Amino acid sequence: ILILLAFVIIPGVLFSMMVYGTARSALMDVRIAQLNNIAALKKDRIEAFFFSFRSQIAMAQHNPDIEHYLPVLVANAGNKESPAYRQAFTELEEQLQVIQMVNGYLNVLLVDPRGNIIYSSGGRDRTQLSKALPPVKYFSEAQKNIFFSDIYRRSSENAPLAMIGAAPIH
């Protein structure tokens, strides 16, 4: 019995422990490689999202109608009943509502150089809109180049997360 124990059971237990350690290590390596692949895929998808978002903003920046009618809207902001303001507003509304719908934006804003909201496609009052914006200093950055804010929760805990993309109109 002692011989059986010495030659069969003890080596069997040691071999099992060695195989278990090797198998556990191999399984962990495979799982870590899978997680790294998932992380790389998610990183690529996030980068593609921001590239697409940046491209959409660049197209809006160089939209001839926006370039033409935004200065008219700003110049006539004090007289919203003027024919020039109404025509500019109507033309911009047509363009920006399409941009909003196609890209799935919650709102598209046009802001004058002082930071006053000139146009909102969401149909909200400017005073309500100003309260809805997060307290970040994105405006000065957005005057230079395309800028993305941090992701923030909108007005309440149940509200969806949001992010602001802003850029100057060239």
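All residue numbers refer to positions in the sequence shown, counting from 1. Predicted model only: the values in this text are computed from it and were never measured.
- In terms of the side chain to side chain contact (heavy atoms under 4.5 Å, CB included) criterion, Ala75 has no residue partners (sequence neighbours excluded).
- In this structure, the side chains of Gln87 and Val72 stay at 4.5 Å or more apart for every pair of heavy atoms.
- Within the 4.5 Å cutoff, the side chain of Ser121 has no heavy atoms near those of the Glu93 side chain.
- Considering only heavy atoms from C-beta on, Phe148 comes within 4.5 Å of Ile57 through its side chain.
- Partners of Tyr105 under the side chain to side chain contact (heavy atoms under 4.5 Å, CB included) rule, at least two apart in sequence or in another chain, are Phe53, Gln56, Ile99, Gln100, Asn103, Val108.
- Residue pairs that meet the salt bridge (Lys or Arg N to Asp or Glu O under 4.0 Å) test with at least one member in residues 82-91, sequence neighbours left out, are Glu81-Arg86.
- In this view, Glu47 and Lys43 satisfy the salt bridge (Lys or Arg N to Asp or Glu O under 4.0 Å) rule, not counting sequence neighbours.
- Nearest heavy-atom pair across Glu67 and His62 is OE2-CA, 3.8 Å.
- Applying the side chain to side chain contact (heavy atoms under 4.5 Å, CB included) rule to Val19 yields the partners Phe15; only residues at least two apart in sequence or on another chain are considered.
- Under the rule for a side chain to side chain donor-acceptor pair (under 3.5 Å), Asn76 has no partner lying at least two apart in sequence or in another chain.
- Counting heavy atoms of neighbouring residues, nucleotides and ligands inside a 6.0 Å radius, atom OH of Tyr20 does not exceed 12 of them.
- Two residues are said to be in side-chain contact when any heavy atoms from C-beta on lie closer than 4.5 Å; Leu92 and Ile66 meet this criterion.
- Using a 4.5 Å heavy-atom threshold, the side chains of Tyr85 and Leu73 count as touching.
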Mind listing the side-chain donor-acceptor pairs of residues 21-30 below 3.5 Å, one per line with the distance, residues two or more places apart or on another chain?
residue, atom, partner, partner atom, Å
Thr22, OG1, Met18, O, 3.0

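- Scored by the side chain to side chain donor-acceptor pair (under 3.5 Å) test, Glu94 finds no partners at all (sequence neighbours excluded).
- Every residue meeting the side chain to side chain donor-acceptor pair (under 3.5 Å) condition with Arg31, not counting sequence neighbours, appears here in chain and number order: Gln34.
- Here Leu41 sits alone; no ILVMFWY side chain lies under 4.5 Å from its own, so it joins no hydrophobic cluster.
- Applying the salt bridge (Lys or Arg N to Asp or Glu O under 4.0 Å) rule to pairs touching residues 9-21 yields nothing, sequence neighbours excluded.
- Hydrophobic cluster membership of Ile38, counting Ile, Leu, Val, Met, Phe, Trp and Tyr whose side-chain heavy atoms lie under 4.5 Å apart directly or via other members: none, as it forms a cluster of its own.
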